[in-house]
Amino acid sequence: MEGEGLKFDAVIVIPPHVGVDIKYVPEDVLDSDRFVQADKFTNRVKGFDNAFVISDASAPPIAKTGA
């Protein structure tokens with residue numbers, strides 16, 4: 001970006017991960033990247049005792065390790 005050059009053998013580019021563009025009710029369960037906010041220890045959706053989020057839809061950083 002600043003005009004500086006680097007030597008390399010291979011470049012691997014990974015685009016930023018964002019949540020899917022579907023309707024959530026209520027919408028305030030989403031963070032700014034459209035991932036469902038959840039407790040990182042229990043996977044419970046923020047504000048709910050009986051709703052859980054799994055896999056790459058979850059906001060905690062460890063959830064997206066499979067992506």
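Everything numeric in this text was worked out from a predicted model, so none of it was measured. All residue numbers refer to positions in the sequence shown, counting from 1.
- The CG atom of Asp39 sits 11.5 Å away from atom NZ of Lys46, with the distance rounded to the nearest 0.5 Å.
- Ile12 and Phe8 fall into different hydrophobic clusters, where Ile, Leu, Val, Met, Phe, Trp and Tyr side chains are chained together by heavy-atom contacts under 4.5 Å.
- Between Phe52 and Val45 the shortest heavy-atom distance is C-CG2, 3.9 Å.
- Taking both residues in full, the closest heavy atoms of Val53 and Ala38 are given as CG1-CB, 3.3 Å, listed atom of the first, atom of the second, then distance.
- Scored by the side-chain hydrogen bond (donor to acceptor under 3.5 Å, both in side chains) test, Ser32 finds no partners at all (sequence neighbours excluded).
- Considering only residues two or more places apart in sequence or on other chains, Arg34 meets the salt bridge (Lys or Arg N to Asp or Glu O under 4.0 Å) condition with Asp21.
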